[in-house]
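Read the structure below first, then the notes.
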Amino acid sequence: MSTLSQLLYEGTKVLREAGVEGAERDARWLLAAASNIPRARLTLHGPDQVSDDTHAAFQRYLNARVARQPVSQIIGTRTFFGR
């Protein structure tokens with residue numbers, strides 16, 4: 001099993017290698033959505049083990065982002081002036 005920190009590192013690497021601009025930011029958004037944890041609290045939950053469902057969802061999200069699907073479409077929400 002992986003931890004949230006490991007998944008974030010691996011996801012950032014995958015997006016960077018695919019040439020996605022803002023890879024770390026996007027990986028954080030996608031992992032927060034997949035794990036159902038607020039993005040601002042991801043670091044606090046870094047050592048937590050990840051369930052198979054969360055891992056699978058994150059992989060689907062990464063694959064969609066590598067295919068250049070916008071993050072807002074992948075996670076189903078969009079910020080508006082930081083809200």
Side-chain angles (χ1 to χ4, degrees):
M1 246 193 201
S2 300
T3 65
L4 281 170
S5 294
Q6 290 170 326
L7 283 185
L8 181 59
Y9 174 79
E10 292 167 10
T12 300
K13 183 179 174 184
V14 166
L15 294 178
R16 238 186 228 133
E17 289 174 355
V20 173
E21 196 171 315
E24 185 175 358
R25 177 198 61 222
D26 288 359
R28 289 184 74 79
W29 274 103
L30 297 174
L31 184 56
S35 61
N36 205 25
I37 294 173
R39 192 171 43 98
R41 300 191 62 82
L42 260 179
T43 303
L44 295 173
H45 292 276
D48 294 355
Q49 295 293 316
V50 178
S51 70
D52 291 337
D53 291 340
T54 297
H55 193 274
F58 186 55
Q59 289 302 317
R60 282 194 312 273
Y61 292 171
L62 285 176
N63 292 337
R65 187 64 189 118
V66 166
R68 300 303 193 258
Q69 185 175 354
V71 172
S72 59
Q73 285 182 1
I74 297 168
I75 64 175
T77 187
R78 182 180 209 155
T79 58
F80 182 72
F81 289 104
R83 299 191 170 118

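Owing to the predicted nature of the structure, the values given are computational and were not obtained by experimental measurement.
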On a heavy-atom basis, which atom in [X] and which in [Y] lie closest, and how many Å separate them?
X     : Y     : value
Ala33 : Ile75 : CB-CG2, 3.4 Å
Gly11 : Ala27 : C-CB, 4.0 Å
Ser35 : Leu42 : OG-CD2, 4.3 Å
Pro38 : Ala32 : C-CB, 4.3 Å

**Message:** If we check side-chain contact (heavy atoms from CB on, under 4.5 Å) with Arg28, which of these qualifies: Thr43, Thr12, Val71?
**Reply:**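 That would be Thr43.
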
_Under 3.5 Å donor-acceptor, Thr3 side chain and Pro47 backbone_ =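 Not confirmed, Thr3 side chain does not pair with Pro47 backbone.
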
Can you list every salt bridge (Lys or Arg N to Asp or Glu O under 4.0 Å) pair that touches residues 52-71, not counting sequence neighbours?
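Of all non-adjacent pairs touching residues 52-71, those that pass salt bridge (Lys or Arg N to Asp or Glu O under 4.0 Å) are Asp26-Arg65.
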
Heavy atoms, side chains only, cut-off 4.5 Å: are Ile37 and Leu4 in contact?
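SC-SC contact between Ile37 and Leu4 confirmed.
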
Nearest 0.5 Å, please: how far is [atom2] in [Y] from [atom1] in [X]?
X     : Y     : atom1 : atom2 : value
Tyr9  : Leu31 : OH    : CG    : 15.5 Å
Lys13 : Leu8  : NZ    : CG    : 13.5 Å
Gln6  : His55 : CD    : NE2   : 9.0 Å
Leu7  : Leu30 : CG    : CG    : 11.5 Å

- Query: Any chance CD of Gln59 has more than 12 other-residue heavy atoms, nucleotides or ligands included, within less than 6.0 Å?
  - Reply: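 Result for CD/Gln59: enclosed.
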
Check your understanding: Can you tell me if CD on Gln49 sees more than 12 non-hydrogen neighbours from other groups inside 6.0 Å?
Key ->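 It does: Gln49 CD has more than 12 such atoms within range.
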
(message) Quick check: is Val66 connected to Trp29 through a chain of hydrophobic side chains (ILVMFWY, heavy atoms under 4.5 Å apart)?
(response)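 Same cluster: Trp29 reaches Val66 through Ile, Leu, Val, Met, Phe, Trp or Tyr contacts under 4.5 Å.
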
